[in-house]
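Presented below is the structure to which this report refers.
Every value quoted in this text rests on a predicted model; they were computed, and no experiment measured them. We count ligands from 1, going down the list as the structure has it; atoms in each ligand are counted the same way. Heads up: numbering here begins at 1 and tracks the sequence. Because only heavy atoms are used, hydrogens play no part in the values below, and waters and symmetry mates are left out as well, while side chains stay in.
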Amino acid sequence: MPVSVLAVASELFPLVKTGGLADVTGALPVALAACDVATTTLIPGYPAVLRALREADTVLEDADLFGGPARVLRAVSGGLDLLVLDAPHLFGRPGNPYVGPDGQDWPDNALRFAALGAMAARVARGGVAAFVPDVVHAHDWQAALALAYLKFLPGRQPGTVITVHNLAFQGLFPADIFPMLGLPEAALTMEGVEFHGMVGYLKAGLACADRITTVSPSYAEEIKTPAYGMGLEGLLQARAAVLHGILNGIDDAVWNPATDTMLAANFSASDASKRSANKAAVQEQFGLARDPGALLFGVISRLTWQKGLDLLLEAIPDVLALGAQLVVLGTGEPALEAGFAAAAAAHPDRIGCVIGYDEALAHQMQAGIDALLVPSRFEPCGLTQLCALRYGAIPVVARVGGLADTVIDANAAAITAGVATGVQFDGGGLRAALQRTAVLWQDTRIWRQMQGNALNMDVSWTHQATQYAALYRELPSK
Ligand code: ADP
């Protein structure tokens with residue numbers, strides 16, 4: 001039975017991306033198509049998105065959407081069916097989708113993403129001619145209010161799903177915004193948007209959705225506990241029966257070492273020795289000593305507390321003591337950016353750092369580094385370790401969330417069975433993990449086997465898409 005889905009999201013690769021959310025919303029529809037699920041995705045009309053649209057039809061207009069005129073454009077981009085909310089007073093701002101030039105959240109983010117949600121609900125209820133979605137799938141807090149509009153305003157009720165990509169971002173706003181949202185008083189309750197005297201967008205989505213998914217089975221368990229639940233653990237426990245963990249995949253056409261034009265040398269599982277040309281390229285790009293015998297660690301990440309990179313800064317002496325090298329690509333907290341820049345300046349032949357966001361460099365690094373470090377304090381799924389596996393870089397990861405679910409630790413049993421793909425460590429264990437990785441690296445036979453296992457692992461969306469498709473199909477019809 002075909003299923004029609006309206007996905008709602010604030011990011012979509014390659015049009016607008018700050019993190020893994022965009023990768024998911026960009027790749028999942030393609031994989032779902034093979035399961036007879038047709039996805040149309042509603043995204044905000046940021047300048048970069050509008051510029052990328054070749055042809056677009058106006059399919060819905062509103063003279064006053066939260067303070068200004070708006071329209072919904074229908075377009076196809078990169079093979080994806082899109083609806084774009086063109087509302088210049090809300091989204092006509094260049095740069096990061098959430099943060100202004102002063103580094104602060106836009107002061108009207110509550111209205112911007114209420115508008116996205118409100119428009120999603122209107123579209124879901126027939127606002128666009130000849131489009132009647134069976135399911136509304138909201139991603140993260142920016143889209144979550146759609147489910148409150150559907151629940152508390154009268155009209156057709158499609159099935160609803162919310163996916164939590166990161167519980168740390170909740171869209172919490174002062175209660176005095178509530179009158180501006182156009183929701184009835186009944187929505188300012190436990191069953192709706194109210195959260196400890198505030199208005200919580202993600203909370204509303206979690207309370208209203210027919211099904212809740214998050215991006216790995218381990219994270220689905222973790223977020224029911226106070227340590228990871230970020231205050232929402234009670235609600236998530238109460239809704240445990242409809243909470244599912246479905247792992248992310250990656251787009252294995254975008255991430256394909258055999259065809260990737262951004263690499264110095266292409267390779268595949270059968271000829272991984274060609275990675276050495278990419279290693280040399282990475283060493284050169286970061287100005288390191290061109291030493292094939294040095295174990296080359298890499299980091300591609302937002303530089304934030306979540307990612308545990310302060311722990312890596314503390315472990316720089318260990319990296320040096322092992323005779324290893326480290327390359328870091330990322331942006332984020334000023335103290336972490338400064339810390340890695342200072343480490344690179346102090347040890348230019350061993351440590352390299354690029355502060356910035358660079359898709360091509362990320363690809364080149366995955367193809368050239370020996371091991372990818374992901375010491376996250378929590379990690380809903382994590383995509384960089386999946387890219388690393390696909391490119392034969394050994395992931396060295398904290399045993400949390402999706403990292404725990406996607407990497408097979410090189411313990412004695414896994415090595416004997418020949419199934420290891422990486423190294424896992426528990427909180428505080430990063431230094432020991434670096435050492436363990438160096439020992440594994442020195443054993444060429446084991447390292448090659450791990451690399452081969454990684455390269456042969458299926459990290460695509462194929463399997464996970466069937467799980468989403470099954471979830472959509474079991475939604476109650478109302
Ligand atoms: P999160 O969504 O928490 O930032 P994920 O690992 O789920 O982390 O996804 C991050 C995505 O962003 C990956 O595709 C990764 O390659 C990419 N990425 C992160 N930082 C950078 C950067 N500085 N340059 C290029 N790509 C980056």
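Taking only nitrogen or oxygen atoms, main chain and side chain alike, Gly356 reaches within less than 3.5 Å of ligand 1. Looking at ligand 1, you'll find an N or O of Asp358 within less than 3.5 Å of one of its N or O atoms. An N or O contact shorter than 3.5 Å links Leu383 to ligand 1 by distance. Residue Arg302 places at least one N or O, backbone or side chain, under 3.5 Å from an N or O of ligand 1. Taking only nitrogen or oxygen atoms, main chain and side chain alike, Lys17 reaches within less than 3.5 Å of ligand 1. Geometrically, ligand 1 and Leu21 share no nitrogen or oxygen pair separated by less than 3.5 Å. The shortest N/O to N/O separation between Asp23 and ligand 1 falls below 3.5 Å.
A distance of 8.5 Å separates CG in Leu403 from OG in Ser216, rounded to the nearest 0.5 Å. From Ile223, atom CD1 reaches atom OG of Ser218 across 11.5 Å, with rounding to the nearest 0.5 Å. Between the CD atom of Glu474 and the CZ atom of Arg211 there is a distance of 4.5 Å, given to the nearest 0.5 Å.
Contact analysis leaves Cys387 out of contact with ligand 1, as no non-hydrogen atom separation drops below 4.0 angstrom.
Tyr357 CE1, 3.3 Å is the protein heavy atom nearest to atom 27 (C) of ligand 1. In terms of protein heavy-atom proximity, atom 1 (P) of ligand 1 is closest to Lys307 NZ, 3.5 Å. Nearest protein heavy-atom neighbour of atom 2 (O) of ligand 1: Gly20 N, 2.7 Å. Of all protein heavy atoms, the one lying nearest to atom 16 (O) of ligand 1 is Thr384 CG2, 3.7 Å.
Shown in contact with Gly330 at under 4.0 Å from a heavy atom are these atoms of ligand 1, numbered in order with element: 23 (N).
With respect to Arg390 and Asp251, no salt bridge is recorded, no charged nitrogen being found less than 4.0 Å from a carboxylate O. Taking a cutoff of 4.0 Å between a charged side-chain nitrogen and a carboxylate oxygen, Glu333 and Arg302 do not qualify as a salt bridge. Salt bridge status for Glu379 with Lys307: present, with a side-chain N to carboxylate O gap under 4.0 Å.
Side-chain atoms of Tyr149 never come within 3.5 Å of backbone atoms of Ala120 as a donor-acceptor pair (strictly under, hydrogens ignored).
Contact annotation for Ser301 and ligand 1: only backbone heavy atoms (N, CA, C, O) come within less than 4.0 Å of the ligand.
Ring geometry, Tyr219 versus Phe378: the interplanar angle falls under 30°, so the pair is classed parallel (tilted spans 30 to 60°).
In this structure His139 satisfies the ring pair (Phe, Tyr, Trp, His ring centres under 6.0 Å) test together with His137, His165, sequence neighbours excluded.
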